[in-house]
Amino acid sequence: MSTKPTKDDELAGSEQPFVQHLMELRDRLLYCIYGIAVAVAVLAIWPGPNGLIDFIAMPIKAHMPPDAKLIAVGVFSPFFVPLKVLMMVGMLAVLPWIMYQLWAFVAPGLYTHEKKFALPLIIFGSFLAYVGIAFVQFFVLDKMFGFIQGFTPDSVAATPDIASYVEAILSLYLAFGMAFQVPIVVMLLVRFGIVEVAKLKSFRGYFVVLAFVVAAVVTPPDVISQLALAIPMCLLYEVGIIGAGWFSKVSKKPGDEEAEPDQA
């Protein structure tokens, strides 16, 4: 009985001991920490914590009286809030570096044709995260606070606490940054054969409901921020469906195209 020769697996013999995996993970985490530390040091010099606070407070201050300021209720808020903002912006600034370290950790377990498209996905994913955060900063917060301030009685002075404000926008940054990764998730699901494009198309109606449920859970209880998250998620889902068909073809293993006719 003859057997058809097969190509050697390029990953054969590349296995590493468990301890070596832990050491590699430690090194990658340290590289992430070093990158964040450098970004925080640079941001501490310019524009500085005060400049960062002024920038992220712009959306709400636009809907407050001209001389009004955010207040610090907690005893240690004037110290910890700027430090928290500095760390947050530092992590966002080196997000591509953090994602690259994650890729570098898993790269030894990827085939050559998979490695070729890993870095473009990292760049695209980082870009989408930045777009989501910018969407929050320059559109969602302005509309949301304008909507909320419209319900404030004239006898009430709206002077929010800086700690609660930073906490609220941090959750929005995280929610939108992750939600804008929908195209990446959809393309990877199709590429690894977990789901087919036809199934994704038939799931459209369910995804719309899911998007609005997620938006209602992770955003404040106002219709502006909920619509601002749910609608882009639905649009990005369509982008993911379009990109999934193309990405699954161009990222195939070179021998896959030859194998398909034989299987038929």
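What's counted below: heavy atoms across the whole structure, side chains too, no hydrogens, waters or symmetry copies.
Note that CZ of Phe203 and CD of Glu196 are 15.0 Å apart. Values are rounded to the nearest 0.5 Å. Note: Glu167 CD to Lys84 NZ = 3.5 Å, rounded to the nearest 0.5 Å. For the atom pair Leu83 CG and Met88 CE, the distance stands at 11.5 Å (nearest 0.5 Å). To the nearest 0.5 Å, the span separating CE on Met91 from OH on Tyr173 amounts to 14.5 Å. Leu119 contributes atom CG, which lies 10.5 Å from atom CE of Met99 (distance to the nearest 0.5 angstrom).
Residue Val140 is grouped with residue Val217 when hydrophobic side chains (ILVMFWY) are merged at heavy-atom distances under 4.5 angstrom, including chains of intermediate members. Residues Val239 and Val182 fall into different hydrophobic clusters, defined by Ile, Leu, Val, Met, Phe, Trp and Tyr side chains chained together at heavy-atom separations under 4.5 Å. Following chains of ILVMFWY side-chain contacts shorter than 4.5 Å, one can reach Phe127 starting from Ile98, so the two form part of one hydrophobic cluster. By the rule that hydrophobic residues join a cluster once side-chain heavy atoms approach within less than 4.5 Å of another member, Met178 and Leu172 end up as members of separate clusters.
Side-chain contact between Leu102 and Arg28: absent, with no pair of heavy atoms (C-beta onward) separated by less than 4.5 Å. For the pair Met58/Asp142, no side-chain contact is recorded, criterion being any heavy-atom separation below 4.5 Å from C-beta on. Side-chain contact check for Pro49 versus Val85: every heavy-atom pair is 4.5 Å or farther apart. Within the 4.5 Å cutoff, the side chain of Tyr130 has heavy atoms near those of the Leu95 side chain. When side chains are defined from C-beta on, Ile162 does not count as touching Ile71, because their heavy atoms never get closer than 4.5 Å. Put simply, the side chain of Leu128 reaches to within 4.5 Å of the side chain of Ile184, judged on heavy atoms. The shortest distance between side-chain heavy atoms of Pro59 and Lys143 does not fall below 4.5 Å. At a threshold of 4.5 Å between non-hydrogen side-chain atoms, the residues Ile36 and Ile33 do not count as touching.
Side-chain atoms of Tyr165 come within 3.5 Å of backbone atoms of Ile56 as a donor-acceptor pair (strictly under, hydrogens ignored). Proximity of a side-chain donor or acceptor of Thr219 to a complementary backbone N or O of Ala215 within less than 3.5 Å is detected. In this structure a side-chain-to-backbone donor-acceptor pair under 3.5 Å is present from Tyr237 to Leu200. Between the side chain of Gln181 and the backbone N or O of Gly177 there is at least one donor-acceptor pair closer than 3.5 Å. A distance-only check finds no donor-acceptor pair linking the side chain of Trp103 to the backbone of Leu121 [under 3.5 Å].
Taking Ile, Leu, Val, Met, Phe, Trp and Tyr as hydrophobic and joining them when side-chain heavy atoms fall under 4.5 Å apart, one finds Met23 in a cluster with Val19. By the 4.5 Å side-chain criterion applied to Ile, Leu, Val, Met, Phe, Trp and Tyr, Ile45 is assigned to no cluster and stands alone.
The side-chain contact (heavy atoms from CB on, under 4.5 Å) test with Leu70 singles out one residue from Asp161, Thr159, Ile60, and that residue is Ile60.
In this structure, Tyr34 places its OH atom where only 12 or fewer heavy-atom neighbours from other residues, nucleotides or ligands lie under 6.0 Å away. Heavy-atom contacts from other residues, nucleotides or ligands closer than 6.0 Å to OH of Tyr31 number 12 or fewer.
Checked against side chain to side chain donor-acceptor pair (under 3.5 Å), Asp222 has the following partners two or more places apart in sequence or in another chain: Ser225.
Phe138 and Phe55 have perpendicular rings, their planes meeting at more than 60° on a 0 to 90° scale where under 30° would count as parallel.
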